[in-house]
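In what follows, chains are A, B, ... by sequence order, proteins preceding strands, each numbered from 1. All of these numbers come straight from a predicted model, not from anything done at the bench.
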Amino acid sequence: MLREEELKTFVDGTTRYFEVAAQQPATIGSPYLLEGEAAMHDYTGMINVSGKREGVVYFTAPRAMLTVLLMKMQESDFSHESMRDLVGEVANTISGNARRDFGHDFVISVPSVFSGEKPQIPQPPGARAFVIPIHWRSHSAKLVVSLT
Amino acid sequence: MSSGYPLDRRPVKLLIVDDSNIVRRRIERSQQFDDLQVVGTAANGFEALELARRTDPDLVTMDLTMPQMDGIECITQLVKLKPAVRILVISALADKATAVEAMERGANGFLNKPFSDRQLNEAIAELMY
C-alpha cells in the first residue's frame with residue numbers, strides 16, 4: 001500500500017516538472033487521502049502502473065492552465081489535441097521520474113487521455129489514492145496517485 | 001550555437017522520435033546548432049525505423065515509452081540498420097537500470113525529461129561535437 005512518505009517522490013516530480021518545463025515553480029498543497037471520486041478538470045492524462053506496484057497516476061487540469069503552460073513552453077498550437085498531448089506528457093513525465101525511487105519494476109504505460117467524458121479509473125484492491133493539489137499562477141490542478 | 005566545425009562540413013541530420021507532438025516540436029525548436037538539420041520526426045519505433053531508412057540520420061533523439069514499438073526495441077533495430085548512428089535517449093524513465101539497458105542496446109547518451117534547452121544542447125554537443 002502506498003505510504004504517505006512515498007508521496008514525496010510525486011511531489012518532487014511535480015515540482016521539478018513545473019520548474020523545468022514551465023520555468024516557473026508551482027506551489028504544491030498538502031496531499032490528502034481521496035475518499036470517493038476526484039473531481040476532474042477539463043483534461044486528464046492517466047498512466048497505468050504495473051509490476052512492483054499496481055494502480056494509476058493521473059494529472060487533471062483546466063484548459064486555461066494548460067493554455068498558459070503551453071505558452072510558457074513557447075508553443076503556438078493551443079488546439080484540443082495539444083491539450084490532450086500535454087496532460088499525457090505531464091502524467092508520463094512525473095510517473096517516469098518516480099522510477100528514480102521506485103526502481104525499474106515500477107512499470108508505466110503510455111498515457112490514456114480523457115477530455116469531456118468521465119474517465120474510468122481502475123482501482124486495484126488495496127490501493128490508496130492520494131490527491132496532490134497543484135497551484136500554478138492563478139490556476140489549480142491535481143495529481144492523483146492511486147497505488148498498491 | 002556555432003559548432004566551431006569547418007564551414008564545408010556537411011549538416012548533421014537529426015531524426016526526432018517521441019510520441020508527443022509537443023516534445024518533438026520542443027526539441028526541434030530548442031536545438032541551437034547551425035549545422036543540425038531535422039530530417040524527420042516519428043511518433044513510434046516503427047515510424048522511426050522507416051524514416052531512418054529513408055533519411056540516413058546522423059543523430060536520433062529517442063523517447064522510450066511509446067505505443068506500437070517502444071524505444072528500447074527501436075534502438076536495438078536501429079543500430080543494426082544504421083551502425084554509425086548516434087542515439088540520444090530523451091525519456092522520463094529516471095532509474096539507472098533503464099539508462100544502462102538503453103546504453104547496452106546501443107544508445108550513446110541519456111537525458112531525462114523534463115529538460116531545459118541548455119541540458120538538451122549540452123547533451124547533443126556531447127554526442128556530436
- Spacing of CD belonging to A:Gln23 relative to OG belonging to B:Ser116, to within rounding of 0.5 Å: 8.5 Å
- Query: So which part of A:Ile94 gets closer than 4.5 Å to some heavy atom of chain B, the side chain, the backbone, both or neither?
  - Reply: neither
- Message: How long is the straight-line distance from CZ of A:Phe106 back to CG of B:Asp95, given to the nearest 0.5 Å?
- Response: 11.0 Å
- Taking atom CG of B:Leu93 and atom CG of A:Asn92, what is their separation to the nearest 0.5 Å? 7.0 Å
- Message: Heavy-atom count check: over 12 atoms from other residues, nucleotides or ligands less than 6.0 Å from A:Gln24 CD?
- Response: yes
- Do B:Leu59 and B:Val79 share a hydrophobic cluster (ILVMFWY, side-chain heavy atoms under 4.5 Å, transitive)? no
- Is there a donor-acceptor pair under 3.5 Å between the side chain of A:Asn97 and the backbone N or O of B:Lys113? yes
- Item | Test: B:Arg26 and A:Glu75 ion pair at under 4.0 Å | no
- Item | Same apolar cluster: B:Leu120 and B:Val38, side chain cutoff 4.5 Å | yes
- Whatever's closer than 4.5 Å to a heavy atom in chain B on A:Ser109 counts as backbone
- Task: Considering only heavy atoms and a distance below 4.5 Å, find which of A:Thr93, A:Val110, A:Asp85 pairs most often with chain B.
- Result: A:Asp85
- Do other residues, nucleotides or ligands put more than 12 heavy atoms under 6.0 Å from the CD atom of A:Gln123? yes
- Task: Answer with yes or no whether the hydrophobic clustering places B:Val60 together with B:Leu51; edges join I, L, V, M, F, W, Y residues whose side-chain heavy atoms lie under 4.5 Å apart.
- Result: yes
- Task: Go through the atoms of A:Glu89 and report whether side chain, backbone, both or neither lie under 4.5 Å from a heavy atom of chain B.
- Result: side chain
- So OG of A:Ser82 and CD1 of B:Ile22: to nearest 0.5 Å the spacing works out to 5.0 Å
- Could you tell me whether B:Arg118 atom CZ has more than 12 heavy atoms of other residues or ligands within 6.0 Å of it? no
- Message: Take a 6.0 Å sphere around CD of A:Glu35 and say whether it holds more than 12 heavy atoms from other residues, nucleotides or ligands.
- Response: no
- Taking a hydrophobic cluster as the set of Ile, Leu, Val, Met, Phe, Trp and Tyr residues connected by side-chain heavy atoms closer than 4.5 Å, whether directly or through intermediates, do A:Leu34 and A:Val145 fall within one such cluster? no
- Message: A side-chain contact here means heavy atoms from C-beta on lying under 4.5 Å apart; do A:Glu81 and B:Asn21 qualify?
- Response: no
- Message: For residues A:Val131 and A:Met46: do they belong to one hydrophobic cluster (side chain heavy atoms under 4.5 Å, members Ile, Leu, Val, Met, Phe, Trp, Tyr)?
- Response: yes
- Task: Begin from the C-alpha positions of B:Glu101 and A:His104 and carry the test side-chain contact (heavy atoms from CB on, under 4.5 Å) through to its verdict.
- Result: CA-CA 11 Å; B:Glu101 184 182 9; A:His104 193 62; 3.8 Å; yes
- Message: Using 0.5 Å steps for rounding, measure from the OG atom of B:Ser91 to the CZ atom of A:Arg99.
- Response: 7.5 Å
